[in-house]
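Worksheet: the structure to be examined is printed underneath.
Lettering of chains follows the sequences in order, A, B, ..., and the numbering in each one begins at 1.
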There are 2 protein chains.
Amino acid sequence: MRSRGFDGFSYADLAQVVGIRKASIHYHFPTKADLTAALVERYHNALDQECHRIETQHKTGRDRLQAMIQLYRDALNDGTTLCLCVSLISSRESLSIGVIEKIKAFRAMMVARFAEVFRQCQQENSIRDVSDPVAEARAALALLEGAHLSARAENNVDAFDRALWILTSRLR
Amino acid sequence: MRSRGFDGFSYADLAQVVGIRKASIHYHFPTKADLTAALVERYHNALDQECHRIETQHKTGRDRLQAMIQLYRDALNDGTTLCLCVSLISSRESLSIGVIEKIKAFRAMMVARFAEVFRQCQQENSIRDVSDPVAEARAALALLEGAHLSARAENNVDAFDRALWILTSRLR
DNA sequence: ATCTATCTACCTACTGGTAGGTAAGTGGAT
DNA sequence: ATCCACTTACCTACCAGTAGGTAGATAGAT
């Protein structure tokens with residue numbers, strides 16, 4: 001799903017990967033919308049947990065921000081996958097409203113997480129020119145998602161790092 | 001194509017929109033790869049021309065950058081469409097190598113255009129902290145593409161402006 | 001202990017519909 | 001007469017989703 005998008009993946013593909021018949025997947029997730037909603041929810045929880053782990057493992061805003069950038073970098077899986085959110089939004093026209101709402105919720109969660117980290121960086125003075133942590137967070141999310149697209153287009157994870165330079169170069 | 005993506009749009013859809021039979025489209029563009037390549041090429045030329053128009057209509061780097069941001073903003077068409085490049089890359093796994101190369105070429109062209117504008121801004125001192133115009137250009141492209149995704153996810157063009165704030169707030 | 005009923009998780013086989021793509025023909029312009 | 005743009009009618013492959021059934025685990029009643 002994260003590598004082929006909503007319109008590009010099928011029950012048959014998934015069935016082959018997980019090793020059961022597609023009818024069995026329909027048993028657990030009657031429609032593609034159900035399946036997608038479950039995936040987004042799982043992704044939401046997984047990322048939320050990862051952010052929590054980062055909070056416990058890193059104490060400064062600087063380290064936390066870098067760890068969260070690394071989190072997105074890892075999500076690329078060497079260019080084979082995108083952030084679930086990115087691959088789904090591109091095919092928004094095919095999504096059910098339930099899935100769209102879940103994507104919005106995921107993004108709101110990530111913005112809140114980033115805003116908290118930027119607020120901390122502001123207090124630490126560990127990053128240049130932070131005037132509005134929430135605005136910074138929204139921009140950072142857009143930048144990260146755009147960096148994912150860049151890396152995929154160039155078929156090169158370095159493109160992700162080059163795009164993120166605009167943010168990482170502000171760290172001190 | 002720009003609203004539904006490569007995997008989400010079909011010859012039948014397109015035929016209905018343009019008012020001829022889908023076999024007639026196959027006459028002009030035998031395969032979906034041919035059609036997509038032609039679309040990317042047209043998009044490339046159209047944007048190149050738009051950038052040229054901006055260069056003649058605006059003289060300062062500051063004005064040119066703002067006009068190019070507006071160009072991307074207009075490409076959203078009130079949230080109904082994405083930059084062609086964005087909607088295609090998400091379904092990269094379904095694309096022919098020819099199309100991927102054309103997308104790379106398009107991105108290289110846009111990076112070069114943006115780099116030129118950032119270089120001018122640097123000379124004018126009309127934007128804060130420009131140290132590397134090419135790096136700025138790459139980051140700006142990622143930000144613009146990410147802002148497109150944000151606007152689409154939030155179903156609100158304001159989300160585009162909010163993401164771009166990180167760049168526009170540096171103008172002076 | 002065993003019979004019975006129900007449930008879970010899976011299966012094969014199929015549906016209606018749509019995908020990209022093609023072969024052969026039509027009709028107007030040069 | 002020939003070419004060009006387009007048509008109808010068709011193909012095969014695949015799509016999401018369904019019908020109907022089965023093996024095996026679970027649990028309550030006797």
Please determine whether a side-chain nitrogen or oxygen atom of [X] lies at a distance below 4.0 Å from atom OP1 or OP2 of [N].
X     : N      : value
A:S10 : D:dC15 : yes
B:Y11 : C:dA19 : no
B:H26 : D:dC6  : no
B:S24 : D:dA5  : no

Margin query: What contact category does A:F9 fall into here, base, sugar-phosphate, or nothing, at under 4.0 angstrom with non-hydrogen atoms?
Written below: sugar-phosphate

Note to self: Counting the atoms with a prime plus P, OP1 and OP2 as sugar-phosphate, which does B:Y27 contact under 4.0 Å by heavy atoms, base, sugar-phosphate, or nothing?
What the structure shows: base

Item checked: Closest to side chain of A:D13, choosing from D:dT18, D:dC15, C:dA23 -> D:dC15

Rounded distance in Å - [atom1] ([X]) to [atom2] ([N]):
X     : N      : atom1 : atom2 : answer
B:L14 : C:dA19 : CG    : P     : 12 Å
A:D34 : D:dA16 : CG    : P     : 14 Å
A:R21 : D:dT22 : CZ    : P     : 18 Å
B:I25 : C:dT22 : CD1   : P     : 15 Å
A:K32 : C:dT18 : NZ    : P     : 15 Å
A:R4  : D:dA16 : CZ    : P     : 12 Å
A:F29 : C:dA9  : CZ    : P     : 11 Å
B:L35 : C:dA19 : CG    : P     : 14 Å

Notebook entry, point to check: Using 4.0 Å as the upper bound for N to carboxylate O, is an ion pair formed by A:E116 and A:R64?
Noted result: no

Note to self: Does the structure place the NZ or CZ of A:K32 under 6.0 Å from the centre of the six-membered ring of A:Y11, at an angle of no more than 45° from the ring's axis?
What the structure shows: no

Next item on the list: Might you work through the salt bridge (charged side-chain N to carboxylate O under 4.0 Å, His left out) test for A:E124 and A:K59, ending with a clear yes or no?
Entry: CA-CA 11 Å; A:E124 292 170 5; A:K59 289 303 163 196; over 6 Å; no

Next item on the list: Answer with yes or no whether the side chains of B:S94 and A:R4 bring together a donor and an acceptor at under 3.5 Å.
Entry: yes

Item checked: Divergence of helical axes at both termini of the helix from C:dA1-D:dT30 to C:dT30-D:dA1 - five pairs an end, 10° steps -> 0°

Next item on the list: Evaluate whether atom CZ of A:R21 has more than 12 neighbouring non-hydrogen atoms of other residues, nucleotides or ligands under 6.0 angstrom away.
Entry: no

Item checked: Stepwise salt bridge (charged side-chain N to carboxylate O under 4.0 Å, His left out) test for A:E154 and B:K104 -> CA-CA 6 Å; A:E154 309 296 332; B:K104 280 187 189 174; 5.8 Å; no

Next item on the list: Starting from the C-alpha separation in whole Å, work towards a yes-or-no answer on salt bridge (charged side-chain N to carboxylate O under 4.0 Å, His left out) for A:D13 and A:K22.
Entry: CA-CA 9 Å; A:D13 298 337; A:K22 77 190 182 80; over 6 Å; no

Next item on the list: Please state whether the base of D:dG17 and the side chain of A:K22 form at least one donor-acceptor pair under 3.5 Å?
Entry: yes

